[in-house]
Amino acid sequence: MAKGTDKLMLIDGNSIIYRAFFAIPPLTNSSGLQTNAVYGFTTMLLKVLEEEKPSHILVAFDAGKTTFRHEGYAEYKGGREKTPPELSQQFPVLKDLIRSFSISQYELPGYEADDIIGTLSRLAEEEGREVVVVSGDKDLLQLASDKVTVLLTRKGVTEVEKYAPEDVNARYGLKPEQIIDLKGLMGDPSDNIPGVPGVGEKTAVKLLQEFGSVENVLDNIPNLKGKLRENIENNVDNARMSKQLATIFREVPLDRTVDDVAWSGYDAASLATALRKLEFKSLMERLDLSGADAGSGELAKAEIEYETIIVGDDAGGWEQLDASLPDADTLIIEAAGDNPHASEGIGLAVMADSRCFVLAFPQLKSEKAEALLTWLSDPEAAKAGYDLHRAELVLARAGIKLCGQTFDVQLAAYLLDPTEADPSLTGLLQRHGLPSVASDESVYGKGAKFRVPPTEELAAHLAAKADAVRRLKPVLEDELERLNMSKLYHELEQPLAVVLAGMELQGIKCESGTLQELGKDFQARIEGIMSDIYQQAGTEFNIGSPKQLGEILFDKLGLPVIKKNKTGYSTDAEVLEKLEPYHEIVRLILHYRQLAKLQSTYIEGLLKEIRQDTGGKIHTFYRQTIAATGRLSSQYPNLQNIPIRLEEGRQIRKAFVPSEPGWRILGADYSQIELRVLAHISGDDRLKEAFLQEMDIHTKTAMDVFGVPKEQVDANMRRSAKAVNFGIVYGISDYGLSQNLNITRKEAGAFIEQYFSVFQGVRKYMDTIVEQAKQDGYVTTLLGRRRYLPDIRASNFNLRSFAERTAMNTPIQGTAADIIKLAMVRMDEALRERNLQSRMLLQVHDELVFEVPEEEFETMKVLVPQVMESALELDVPLKADVSFGSNWYEAK
DNA sequence: AGATTCACG
DNA sequence: ACGTACGTGAATCTG
């Protein structure tokens, strides 16, 4: 869109969306979302953009329910119909769309959109700029001046009427600044502004033409007569107050300037994607965007703006590659298989300006690859890529150190929407309306059909990926900036990726002998229990088959059915525990299950993962882009769920030992990090006090909830309080708590009520966060990590309730994740700075595991908790407990 | 491939 | 009235 001369456009978002909602017949897109108000707003927006060609734009919104106007007059806007849910649903949709237009938006609690517009227009006027205000509300006419024009929507939203001061005069016979006097006299039923009864527009205008202002009218009451005089006499205060209410406040403390809202047009691709999602096809055509949208079916052919050069000992091209390396900035590493510690490299692509160099992976061994290896390992050579964490591991397995990772589109995309199910480059491109690349599956095949295609085809695919990274990078960087996550990305997640790769490559030593010994023991007991079970059942069957087990328990033995699932009887542990009193076999089955799990998942599973080539170590792979809350996850194998709760399983931890003689395992875990985070973000005084006094939090909760002194808290009370605390963190419901404590829903409800009456700040937080999620459509952590909750406004009770609990839980769990991630990055720095040999090996959500040489025991015992506790300053102290052991079992 | 079960925080 | 606790990964059975 052509850039206009210097002109600021200020749009009254609330007013226009309301108008549009009532003016446009209900439209619904295929996913059931009503979009009429967004559609109406957009058509209006396109029209005014085209006609006015502004250089700066801001859309202002009302924020929250109460404003400073309510302080003087609580009934302000009272008696209004509640905003229909079909409309309030559309607010977040509209706000997203405005973002896709790259247009600024602003709202500030306590002020209305009018006030924001009034203030920014004043600032612009003072700078001598031209201003256009767009609204459906004629109150805004008071802003008209020789610099400020007001566009009012007329029937519907697409037609607008232009008001310069002389137009205001022509229409009302008044000067713009008299509009507030007009309101003062005639009032405004829609805002519940009283005015003077019996005075409508005509009388008000007549009075103002004679006396000029409300104040002057009031001074001249003696000169009036009859009913009019009586009405005004009786409503002097009303008139004054009404005028005040109608006056736009032009001194709002904005943290934006006119320059901040500069607009240089929209990005066609982003807008196309957004409009396609909304199914606004006519608008896409009107803007000629169909071609800009990669997801539109008829795929826009990517204009190939780069040259693909195959490099290799047979193909040549080394000199050209070496000459281009100073300009190289994009790297793709392709490997076969999901586990990067056990994947063969296929190839790599390096992009420099308009040249993309592609090599088969083995070419890295060529003596001509020296310059390339230097580039890969050069921390000063910045590299963008896709899943560089994985790339670092694959390269490391080939003996090559990767440095200089500065931007990873997969990681960035995860921060922008951690719940997006499709993390592939192909999916990412589609969502951003960029030219697509072939899916890996279509190039390589899947499962048994996996094959590496001929060189030409492979090269084209890798080059297309490198090109895609290059296109995505600026788009994602902008989005991170806009959503205030740049710092989170560059200072936390990106450095963490490198720290994780280091931990994974280091690995943790695991003694196969210890596992095998345990396994023999488990095996003997499993066999014993199996024969007992067969005896009890009177027949042999597959105990591991829930179907066969169900038949034995419920059909043959006639035990009561507690719960059913899709496929038949449920036989999970919860059900079996309830069945224990009925038959001896139940206890045996529970024990069998427990041992079978240990044997298959932990003994056999871990044995398979021990690598001889790295000295009997296990190398997990932490995934940084999976968990919706910001937590890490661990795969191949999962080292975040090694047994601990039951003693039999806990023995497994004895196999995890230091990799050097004389070293020890150090475990450090945060104490109650989630409840401490809750104390901080809710600001609840009692909860904060509990942590400031370093009390046992569950005992303290029991004291407060049951209203008894410490001595009278028995084990059962503490257990209940503990369950309530868990429930609070998970987003509590009476049903969930009742299940956990095996009590009635009513009793659980009473517990919760009692808790909230004591911890009122927590109740307030829970209410506020859900409300905020409904308003914004997302929640955030302390570091600004964001999670969208599309179901928060669902009419389906289950979906909505789930989203509400998620809204309560995610800021807590996510902030705890932020904190330990920060601690890990700092810990890595601290180890380097001090030249320590100790190594950080594992992270288990609130725990870090290290291996430490003897001479560093004392240092680490102090350093680790110090770094963990100071990772982020909260209103309550963070606490980390440390312990040493000769294996992971003992470090408790 | 999807469901079930269970290990962890 | 509605019926779930929040977040993961792995093994196994089944259709």
Side-chain angles (χ1 to χ4, degrees), chain A residues 338-339 418-419 446-447 541-550 563-576 589-590 592-606 608-609 620-623 626-646 648-650 652-653 669-670 672-674 678 723-741 745 748 752 779 787 794-814 816-817 820 842-848:
Chain A
D338 291 327
N339 181 352
T419 52
K446 60 173 172 178
F541 65 102
N542 183 349
I543 311 170
S545 159
K547 193 177 162 210
Q548 292 182 38
L549 180 62
K563 200 165 63 174
K564 289 200 153 203
N565 57 33
K566 278 184 194 165
T567 49
Y569 307 119
S570 170
T571 65
D572 65 22
E574 198 188 314
V575 168
L576 294 184
I589 290 165
L590 279 165
Y592 171 87
R593 283 243 178 105
Q594 189 203 328
L595 293 168
K597 175 92 176 179
L598 293 175
Q599 188 72 300
S600 68
T601 306
Y602 297 102
I603 301 294
E604 291 164 11
L606 290 177
K608 278 185 230 160
E609 300 289 347
T620 189
F621 175 44
Y622 287 106
R623 300 212 47 191
I626 297 294
T629 53
R631 277 189 174 184
L632 299 176
S633 84
S634 158
Q635 286 180 325
Y636 317 126
N638 182 355
L639 291 185
Q640 290 183 319
N641 71 346
I642 302 302
I644 189 167
R645 292 175 188 165
L646 299 173
E648 279 170 312
R650 194 172 192 157
I652 306 271
R653 294 183 171 228
D669 65 304
Y670 279 114
Q672 301 298 346
I673 188 168
E674 293 191 335
L678 174 62
V724 172
N725 277 331
F726 268 93
I728 290 293
V729 168
Y730 291 156
I732 201 155
S733 72
D734 50 7
Y735 189 85
L737 185 65
S738 74
Q739 291 293 300
N740 193 281
L741 281 177
R745 230 176 65 187
I752 294 166
V779 291
R787 177 176 183 178
S795 51
N796 179 308
F797 175 88
N798 277 332
L799 285 180
R800 189 176 64 248
S801 302
F802 188 32
E804 286 170 358
R805 290 194 299 277
T806 312
M808 300 184 230
N809 170 267
T810 295
I812 301 171
Q813 191 182 120
I820 194 163
L842 301 177
Q843 188 251 42
V844 194
H845 309 306
D846 64 354
E847 172 190 11
L848 295 175

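Every chain is numbered from 1 and lettered A, B, ... according to where its sequence line falls, protein lines coming before strand lines.
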- Message: At a heavy-atom distance below 4.0 Å, what parts of residues 541-548 of chain A sit against DNA chain B?
- Response: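 Residues of residues 541-548 of chain A under 4.0 Å from DNA chain B: none.
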
[atom1] of [X] versus [atom2] of [N]: gap in Å, rounded?
X: N565(A); N: dA3(B); atom1: CG; atom2: C1'; value: 8 Å
X: N339(A); N: dA10(C); atom1: CG; atom2: C1'; value: 14 Å
X: E674(A); N: dT8(C); atom1: CD; atom2: P; value: 13 Å
X: K597(A); N: dA7(B); atom1: NZ; atom2: P; value: 6 Å
X: Y602(A); N: dG9(C); atom1: OH; atom2: C1'; value: 8 Å
X: F802(A); N: dC6(C); atom1: CZ; atom2: P; value: 5 Å
X: L606(A); N: dA7(B); atom1: CG; atom2: C1'; value: 11 Å

- Message: Suppose you measure atom P in dA5(C) against the same atom in dC6(B); what distance do you get, rounded to whole Å?
- Response: 14 Å

- Message: Suppose you measure atom P in dA3(B) against the same atom in dT4(C); what distance do you get, rounded to whole Å?
- Response: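 The same atom, P, in both gives a distance of 15 Å.
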
Go through the N and O atoms of the side chain of [X] and the base of [N], and report whether any donor-acceptor pair is under 3.5 Å.
X: R745(A); N: dG3(C); result: yes
X: S733(A); N: dT4(C); result: yes
X: Q640(A); N: dC8(B); result: no
X: R805(A); N: dT4(C); result: yes
X: R645(A); N: dG9(B); result: yes

- Item | Consecutive-pair stems (3 or more, Watson-Crick or G-U, under 3.5 Å) for DNA chain C |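 DNA chain C forms these stems: B:1-9 with C:6-14.
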
- Item | Least distance between heavy atoms, R593(A) atom then L549(A) atom | NH2-CD2, 3.3 Å

- Give A723(A) one of three labels, base, sugar-phosphate or nothing, depending on what nucleic acid heavy atoms sit under 4.0 Å from its own. base

